Amino acid sequence: TIRYYLKNDSNVRFFVYNSLGQQVFDSGDDYQTSGIKNFSFTGKNLASGIYYYQMHTEDKIFNSKFVLLK
């Protein structure tokens with residue numbers, strides 16, 4: 001689960017990439033109101049390993065990595 005804060009209402013989209021830089025997930029656009037939000041990613045079809053995600057809003061892009069353990 002990824003917890004984040006939106007200052008303003010915005011379209012939000014999450015992308016997940018594997019360690020080779022291949023996109024393995026796209027959440028699609030989701031309009032969200034301002035406030036504290038959570039995004040849950042199960043990765044049920046992915047192998048354990050290190051992955052990277054990008055969160056796109058209308059005015060920012062945030063990048064981070066995470067470890068998926070099964």
Side-chain angles (χ1 to χ4, degrees):
T1 299
I2 300 166
R3 188 176 185 110
Y4 57 97
Y5 174 76
L6 291 176
K7 289 183 184 179
N8 303 311
D9 297 357
S10 178
N11 282 316
V12 177
R13 189 171 195 162
F14 282 90
F15 297 95
V16 176
Y17 300 91
N18 63 18
S19 59
L20 299 175
Q22 299 166 324
Q23 183 178 313
V24 295
F25 177 79
D26 178 356
S27 69
D29 283 332
D30 182 25
Y31 184 78
Q32 297 181 4
T33 58
S34 61
I36 297 173
K37 306 293 179 183
N38 291 310
F39 174 73
S40 294
F41 178 73
T42 60
K44 63 182 176 181
N45 296 327
L46 299 175
S48 294
I50 297 174
Y51 290 87
Y52 301 87
Y53 73 87
Q54 285 186 334
M55 182 182 87
H56 292 229
T57 65
E58 293 174 2
D59 59 346
K60 291 187 180 186
I61 297 175
F62 178 76
N63 298 293
S64 190
K65 66 181 176 180
F66 65 95
V67 176
L68 179 66
L69 295 174
K70 293 190 171 191

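In this text, all values refer to a predicted model and were calculated from it rather than measured experimentally. Positions are given from 1 along the sequence. All values below come from the heavy atoms of this structure, side chains included, with hydrogens, waters and symmetry mates left out.
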Problem set entry | Closest approach of D9 to E58 (non-hydrogen atoms, all atoms of both residues) | O-OE1, 4.4 Å
Exercise. Side-chain heavy atoms under 4.5 angstrom apart, residues restricted to Ile, Leu, Val, Met, Phe, Trp, Tyr: same cluster for L46 and Y52?
Worked result: no
Seminar exercise, completed: Value for CZ (F66) from OH (Y53), rounded to nearest 0.5 Å, stands at 8.5 Å
For this session: Look up atom CG in N38 and atom OG1 in T1, then write down how far apart they are to the nearest 0.5 Å.
Result: 6.0 Å
For this session: Taking Q54 for its side chain and F15 for its backbone only, find out whether a donor-acceptor pair lies under 3.5 Å.
Result: no
For this session: State the CG-CZ distance between D30 and F39, to the nearest 0.5 angstrom.
Result: 9.0 Å
Exercise. Which atoms form the tightest heavy-atom contact between K70 and S48, and what is the distance?
Worked result: N-OG, 3.1 Å
Exercise. Centres of the F41 and F25 rings: under 6.0 Å?
Worked result: yes
For this session: Please confirm whether the backbone N or O of I50 pairs with a side-chain atom of S19, one donor and one acceptor, at under 3.5 Å?
Result: no
For this session: Working to the nearest 0.5 Å, report the span between CZ of R13 and OG1 of T57.
Result: 13.0 Å
Exercise. How far does CG of D26 sit from CZ of F14, to the nearest 0.5 angstrom?
Worked result: 11.5 Å
Exercise. How long is the span from the CG atom in L6 to the CD atom in Q32, to the nearest 0.5 Å?
Worked result: 5.5 Å
Exercise. Under 4.5 Å between side-chain heavy atoms, hopping through other hydrophobics if needed: is there a path connecting Y17 to I2?
Worked result: no
